Amino acid sequence: MTNKAKEDAEKRNAAAVAKCLAEHTFPPKLGGWEFFKSIGSPKHVVAPMVDQSELAWRVLSRRYAADLCYTPMFNAKLFAKDVKYRDEHWAGLKDGLGGGGPNDRPLVVQFCANDPEYLLQSALLVAPYCDAVDINLGCPQHIARRGHYGSFLMEDWPLIASLISTLHKNLPIPVTAKIRVFPEAEKTVEYAKMVVAAGAQILVVHGRLREMKGHLTGIADWEKIKLVQEAVGHLVPVIANGNILYHEDVADCMEKTGCAGVMSAEGSLYNPAIFTPGHPESWRLAEEYLTICDEMDTKIAYVRGHLFKIFRPSLNVHVDLRSELGLANSREAMWEVTRKLKERLIEDEEKSRQSGESFEGRKDEKGFPILPHWVAQPYFRQPMPSQEQKDTGAKKEDDQEATTITASTKRSADESGHRDSEDHTNTAVKSKATDNKNTMSEKERNRVKNKKAKYAATKCQNESGCNNAFSATCSFHRCKGCCRQHQREIERYDCPPHGIRSMQKEVHGRLPRVDSDEAIGGVALEGMIVGSSAASTVVLAVEGEEREPKAAERCLIL
């Protein structure tokens, strides 16, 4: 940036700040530990989570001992330029209805950004309704790489310093930052020192590398967090993030890192009462959350995603209600599913009590508590198998399926009870074409390349004795006619391969796709994975598969 451009930017920033100060009154700006004490010295912090840390969820979390909450991450450029984006992500911004009200403080608003001017413009819009503005320096997703923000700014220290210092010098409220660690402890400490020197008044440290996400999440490094705390903790409060599965982990983390507080992301999603002792019944939490949503304008997609996570252990037992929740497109429908599940869970708990079953002190082979399915609890994803295991498994599959392809390459039906409708190219044909590409003519290569996948024909499983074959893609293992008739009988309309969407519109009107991540509760939360100090071989994970967000602002924040 030339000197002239820099001067022009500074003039625009000064004008924006003057406008904000003329329209709003702010208390004296505090920094570091003084600011931390002014907001109650929060020890229990709910992380910024895209589409998950919305106002209703923050209100619920505060009822269960959350001392400080962050908003979902907002894209600074879009927030500054696009009124529609602002209205969608923070409705009622001008009157504080989207956050910052009496039931939503203290509050930190988080932005992703790579332009200091847009960041300041956005920060000034929310400054009257929050206590601080946070800069996301931790998002590890590919979309953050393309947009050049989040953890993909870690190598661009001058830009990070410019983003933080611009807010620190101009914003009438403090600026904070959330970072990830480097592989080298020394570089991590120097990085933290630079962020604090630029003006960050609170530093949140997620103890994982940028590469640690999805199945590769692994365990957060509390030792590196401790080193950061020892290096800058006398200047600003340091908050630890990572490895919080149970309430007991909060005190353990603070003791081992020496941090002023602990932030929870995924742990709070599966148990919003994680900052309080005990394990509340999931249906109680769901009812309380739905009651809050009835009072606030909360998107149905957000509500559905939260219910899937709260009820996850129960839906693994009462699987028939999983699809019903996925098809619920109103709060009334979600209340109905919750009532049904509540009745079953109360019955399950009573049967367990009468049988003399006890979960007191029970632990699995990893040392984690064994809990009944009717209480809120963390969700674990097993680590990915080694390359050797994958190669062995692939060879066995090739031996078994030399001439046909099954639906094994499709997404697992574990969560939804359905299979994807996506067609897959015949991998055996593709492999053969690759091996013989030097000996085949161009015409032959094109013929093999365009050859469609074939599926093994299997007899329709209709009870009437239909002799037609069904495709491996059918959710109910029936031919098209029998599939349609079967779904009318059970009132379950969710077989995309047979074009049941048209029947959905005919019977129910427009309904959400049940083969989507959203419908099976798999909201992409890639950056919110947490592990535990109790075991280094098991990690937390989100429902469903890893997927790419639809837009830059949907990047999940760690």
Side-chain angles (χ1 to χ4, degrees), residues 30-36 41-43 45 47-48 68 70 73 108 110-114 116 119 132-140 144 149-169 171 174-213 218-244 253-265 527 530 557-558:
L30 303 176
W33 283 100
E34 286 188 350
F35 165 65
F36 189 71
S41 299
K43 293 182 179 180
V45 185
L68 172 64
Y70 282 58
M73 181 208 72
V108 177
Q110 187 186 69
F111 289 102
C112 71
N114 55 25
L119 177 59
V133 169
D134 185 77
I135 302 176
N136 167 27
L137 300 174
C139 179
Y149 59 81
S151 65
F152 296 96
L153 296 181
M154 290 175 69
E155 286 76 23
D156 196 344
W157 290 19
L159 176 56
I160 291 177
S162 177
L163 292 169
I164 298 174
S165 62
T166 297
L167 293 194
H168 179 56
K169 294 175 182 177
L171 198 64
V175 56
T176 69
K178 189 169 186 291
I179 67 173
R180 283 196 171 217
V181 299
F182 284 94
E184 306 84 8
E186 296 80 5
K187 190 172 183 179
T188 299
V189 171
E190 291 304 312
Y191 181 44
K193 288 180 178 180
M194 180 274 295
V195 170
V196 171
Q201 302 304 307
I202 293 179
L203 184 65
V204 179
V205 184
H206 185 189
R208 291 189 174 89
L209 307 176
R210 181 171 58 200
E211 295 75 21
M212 297 171 69
K213 56 185 178 180
I219 303 301
D221 191 340
W222 284 357
E223 184 60 32
K224 287 180 182 175
I225 299 178
K226 179 182 178 180
L227 293 175
V228 171
Q229 153 63 24
E230 293 174 347
V232 301
H234 63 290
L235 299 173
V236 299
V238 177
I239 295 175
N241 181 207
N243 298 356
I244 308 300
C253 180
M254 292 184 67
E255 179 183 353
K256 293 183 178 178
T257 63
C259 287
V262 170
M263 175 179 283
S264 175
V530 294
I557 308 309
L558 255 143

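The structure displayed is predicted, hence computed values, not measured ones.
The environment of Glu34 atom CD is sparse: at most 12 non-hydrogen atoms of other residues, nucleotides or ligands sit within 6.0 angstrom. Around CD of Glu155, the count of heavy atoms belonging to other residues, nucleotides or ligands within 6.0 Å exceeds 12.
Contact between Ala132 and Phe35 at its shortest, heavy atoms only, is CB-CZ, 3.7 Å. For Met263 against Asn241, the heavy-atom pair with the smallest separation is O-ND2, 3.1 Å. Scanning both residues, Val181 and Gly207, for their nearest heavy atoms gives CG2-C, 3.8 Å.
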**OP:** In sequence, state the C-alpha distance, the side-chain angles, and the governing distance for Leu209 and Lys224, and then conclude on side-chain contact (heavy atoms from CB on, under 4.5 Å).
**Re:** CA-CA 11 Å; Leu209 307 176; Lys224 287 180 182 175; 4.0 Å; yes

Subject >> Working for side-chain contact (heavy atoms from CB on, under 4.5 Å), residues Ile202 and Val236 >> reply: CA-CA 6 Å; Ile202 293 179; Val236 299; 5.9 Å; no

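Judged purely by atom type and a 3.5 angstrom limit, Thr176 has no side-chain atom pairing as donor or acceptor with the backbone of Leu203. Looking only at distances, no side-chain donor or acceptor of Asn136 sits under 3.5 Å from a matching main-chain atom of Phe111. In this structure, the side chain of Lys256 does not engage the main chain of Lys226 through any donor-acceptor pair within 3.5 Å. Formation of a donor-acceptor pair under 3.5 Å by the Trp33 side chain with backbone atoms of Gly233 is found in this model. Panel note: side chain Gln201, backbone Gly199; a donor-acceptor pair is recorded below 3.5 Å. Between the side chain of Asn243 and the backbone N or O of Ala220 there is at least one donor-acceptor pair closer than 3.5 Å.
Here the OG1-CD1 distance, from Thr257 to Ile239, works out to 10.5 Å after rounding to the nearest 0.5 Å. One finds the SG atom of Cys259 at 6.0 Å from the CD1 atom of Ile225 (value rounded to the nearest 0.5 Å). Here the SG-CD1 distance, from Cys112 to Ile135, works out to 11.0 Å after rounding to the nearest 0.5 Å. The distance from the CD atom of Glu255 to the CH2 atom of Trp222 is 9.5 Å, given to the nearest 0.5 Å. For the atom pair CG (Leu153) and CZ (Arg210), the distance works out to 9.5 Å, reported to the nearest 0.5 Å.
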Considering only distance and modelled atom types, tabulate donor-acceptor pairs under 3.5 Å from the side chains of residues 156-164, sequence neighbours left out.
| unit_1 | atom_1 | unit_2 | atom_2 | d |
| --- | --- | --- | --- | --- |
| Asp156 | OD1 | Leu159 | N | 3.3 |
| Trp157 | NE1 | Met154 | O | 2.5 |

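Side chains of Cys139 and Phe152 form no contact here, defined as non-hydrogen atoms less than 4.5 Å apart. Put simply, the side chain of Thr188 does not reach to within 4.5 Å of the side chain of Tyr191, judged on heavy atoms.
With salt bridges taken as basic N to acidic carboxylate O contacts below 4.0 Å, one links Glu190 and Lys193.
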